[in-house]
Amino acid sequence: MGEPTVILNAAAIQRALTRIAHEIAERNEAGAEVVLVGIPEGGVPLAERLGKILAEIWKHAVPTGSLDVSMHRDDLDRRAAPKIHPTVMPFDVTGKTVVLVDDVLFSGRTTRAALDALNDFGRPKNIQLAVLIDRGHRELPVRADFVGKNVPTAIAEKVRVRLDLPHQPDEVVLEK
């Protein structure tokens, strides 16, 4: 495996999140009806960061939660044991615009699992998808509404989003 290539450094991640937040605000004039839901693991810190930026734009707090999708995945039979994350949804999604947030959009299967899991918590008015990286190779008809960066990749390559690690700067790297 070759040396990882940095796709986004900390400053570029912040710029991408600021742009995504402004796009969310532009598309959703009724900011009071928007909630952010991060998909573990990488989507949760991104949702929290987007929530802070949107709070500055809209001048009010934006409800933020996390949604475990592990038991809704279609590959449970291929995994030894799914890693379960807590679901934290301190708000009702019924009638709201839910912005699902994830770090990398690849096959679309995690997003499909998130849509299934979200149904357990109510019926949103609208669901939008925000991702930091869209690397292509979709297996399902899923498209992000808000994208930080499109990164064409080979199927065998890996995109790693590294956030909030001790003694390391935030970055997104491509491993060949």
Side chain to side chain contact (heavy atoms under 4.5 Å, CB included) between Ile13 and Val161, worked out | CA-CA 10 Å; Ile13 291 170; Val161 177; 5.5 Å; no
Throw together a table of side-chain donor-acceptor distances under 3.5 angstrom for residues 119-130, partners on residues two or more places apart or in other chains.
from, atom 1, to, atom 2, distance (Å)
Asp120, OD2, His72, NE2, 3.3
Gln128, OE1, Asn28, ND2, 3.0
Gln128, NE2, Asn28, OD1, 3.1

What is the distance from atom [atom1] of [X] to atom [atom2] of [Y], rounded to the nearest 0.5 Å?
X      : Y      : atom1 : atom2 : answer
Ile24  : Ile57  : CD1   : CD1   : 8.5 Å
Lys176 : Thr153 : NZ    : OG1   : 10.0 Å
Phe106 : His137 : CZ    : NE2   : 6.0 Å
Asp116 : Thr111 : CG    : OG1   : 11.0 Å

Contact summary for [X] and [Y], nearest pair of heavy atoms:
X      : Y      : result
Ile84  : Ser70  : CD1-OG, 3.2 Å
Ala144 : Val131 : CB-CG2, 3.8 Å
Asn9   : Val6   : N-CG1, 4.1 Å
Ala114 : Ile39  : CB-CD1, 3.6 Å
Lys59  : Glu56  : NZ-O, 2.9 Å

Worked verdict on Leu132 versus Leu8 for side chain to side chain contact (heavy atoms under 4.5 Å, CB included) = CA-CA 10 Å; Leu132 184 59; Leu8 296 175; 4.2 Å; yes
Does Glu23 come within less than 4.0 Å of Arg27, counting only side-chain N to carboxylate O?
-> no
Please name all residues satisfying side-chain hydrogen bond (donor to acceptor under 3.5 Å, both in side chains) with Thr64, sequence neighbours left out, ordered by chain then number.
-> none
Leu17 vs Phe146, side chain to side chain contact (heavy atoms under 4.5 Å, CB included): CA-CA, chis, key distance, verdict | CA-CA 10 Å; Leu17 291 176; Phe146 313 104; over 6 Å; no
Do any N or O atoms from the side chain of Arg109 and from the backbone of Leu140 form a donor-acceptor pair under 3.5 angstrom?
-> no
Could you list all the side chain to side chain donor-acceptor pair (under 3.5 Å) pairs where at least one residue sits in residues 159-168, not counting sequence neighbours?
-> Arg49-Asp164, Arg160-Glu175, Arg162-Glu171, Arg162-Glu175
